Amino acid sequence: MFTGIITGVGQIVDSQPLGEGPGHGRRLTLQTPAGYLDGVGLGDSIAINGACMTVTSFDVAAGRFTIDVSAESLARTAGLDTLGPVNLEQALRSHDRLGGHIVTGHVDGVGRVDVFEPVGESWLLRIHAPRELGRFLAYKGSITVNGVSLTVNRVEDLPDGQTAFDINLIPHTIANTALGALKAGGPVNLEVDLIARYVERMLSSDGKLGV
């Protein structure tokens, strides 16, 4: 479980196939900020751009760790198959502050950046969401973009049945996450609000409890 409050910006510095053919995943090596791996153990969960992954090896002195990403995860996420900056968040502990919202680290879909431009001291981020995620988006609701807990400022239902939404990014968010590297036309990992997911399920059911 996570909060969507990024605890470090890392770099994917190496990506190696785990086998031949499209059915195999990749082993990623990530470089972290100094001291980031203090207290991390083998098998711990770390969210990489919002996708929950398991630490398979680590070197505290070098500040590096590895994860194995399955072909399924690669097919359903963005940014885990190329070298470059990524948002990192270690799993929530029971005594931590819940500064963002409840995040599972299970990516619901990949969106597309339509607009990423400065507006005053902040940045406007407009994302085109997959059709199936539109019903979970609401004005002032929560959304996780590449692992970052953010607030939706505007929702627009498009004529083609898809949905676009706006987010305002303050300078602190740009400076302390990898979102500053986004570009129009690029993909982003999206996780919808957990509460919205359960509400949608309850409203779509017949109201009967299972036995």
Side-chain angles (χ1 to χ4, degrees), residues 1-9 45-54 72-73 75-80 86-116 119 122-158 160-170 172-174 176-180 182 186-207 209-210:
M1 193 67 69
F2 304 90
T3 68
I5 302 299
I6 301 306
T7 54
V9 176
S45 294
I46 297 180
I48 316 296
N49 268 1
C52 179
M53 296 291 159
T54 300
E72 173 74 7
S73 293
R76 296 183 178 276
T77 61
L80 298 183
V86 289
N87 293 314
L88 304 176
E89 184 187 355
Q90 295 182 24
L92 178 69
R93 295 170 295 189
S94 60
H95 61 279
D96 284 341
R97 291 185 178 93
L98 189 61
H101 67 283
I102 298 173
V103 176
T104 65
H106 301 153
V107 175
D108 292 307
V110 176
R112 184 188 72 236
V113 176
D114 285 343
V115 177
F116 185 55
V119 178
S122 301
W123 286 73
L124 168 65
L125 174 60
R126 178 170 298 142
I127 296 173
H128 202 105
R131 183 188 303 269
E132 64 272 15
L133 299 187
R135 64 185 182 275
F136 298 107
L137 299 168
Y139 175 63
K140 295 303 180 184
S142 295
I143 185 72
T144 305
V145 179
N146 277 359
V148 185
S149 173
L150 298 167
T151 301
V152 175
N153 288 333
R154 178 175 173 269
V155 178
E156 180 183 3
D157 293 321
L158 304 173
D160 63 359
Q162 301 194 48
T163 303
F165 64 96
D166 290 0
I167 292 169
N168 180 69
L169 299 176
I170 62 174
H172 176 85
T173 303
I174 294 293
N176 290 278
T177 71
L179 294 183
L182 295 178
V188 287
N189 294 320
L190 301 177
E191 181 184 334
V192 300
D193 182 58
L194 182 65
I195 296 174
R197 186 184 290 118
Y198 278 110
V199 169
E200 193 276 339
R201 173 61 178 164
M202 287 186 288
L203 291 176
S204 64
S205 69
D206 59 7
L209 295 176

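None of the values given here were measured: they were computed from a predicted structure.
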Atom of A178, atom of V9 and distance for their closest heavy-atom approach:
N-CG2, 3.9 Å

Check V155 against Y139 and note the closest heavy-atom contact, atom names and distance.
CG2-N, 3.9 Å

Would L150 and T144 satisfy side chain to side chain contact (heavy atoms under 4.5 Å, CB included), going step by step from the backbone distance to the final call?
CA-CA 6 Å; L150 298 167; T144 305; over 6 Å; no

Apply the test side chain to side chain contact (heavy atoms under 4.5 Å, CB included) to residues I143 and V192: give CA-CA distance (whole Å), side-chain angles for both, the deciding distance (0.1 Å), then the verdict.
CA-CA 5 Å; I143 185 72; V192 300; 4.2 Å; yes

CD1/I5 to NE2/H101 distance, rounded to the nearest 0.5 angstrom?
9.5 Å

Derivation of the side chain to side chain contact (heavy atoms under 4.5 Å, CB included) call for M53 and I46
CA-CA 5 Å; M53 296 291 159; I46 297 180; 5.9 Å; no

Counting neighbours of CZ on R76 that are heavy atoms of other residues, nucleotides or ligands and sit closer than 6.0 Å, is the number greater than 12?
no

Mind listing the closest non-hydrogen atom pair of V110 and P187 along with its distance?
CG1-CB, 3.7 Å

Heavy-atom pair of closest approach, residues V148 and N87
CG2-ND2, 3.6 Å

Using a cut-off of 6.0 Å, state whether more than 12 heavy atoms not belonging to L158 lie near its atom CG.
yes

Are I102 and T3 packed together at the side-chain level, in the sense that at least one heavy-atom pair is separated by less than 4.5 angstrom?
no

Which atoms form the tightest heavy-atom contact between L137 and F165, and what is the distance?
CD1-CD2, 3.6 Å

Do you know the tightest heavy-atom contact between C52 and T104?
CB-O, 4.2 Å

So, do E89 and V103 sit near enough that their side-chain heavy atoms are less than 4.5 Å apart?
no

Between V113, T163, V115, D114, which is the residue that forms a side-chain contact (heavy atoms from CB on, under 4.5 Å) with H128?
D114

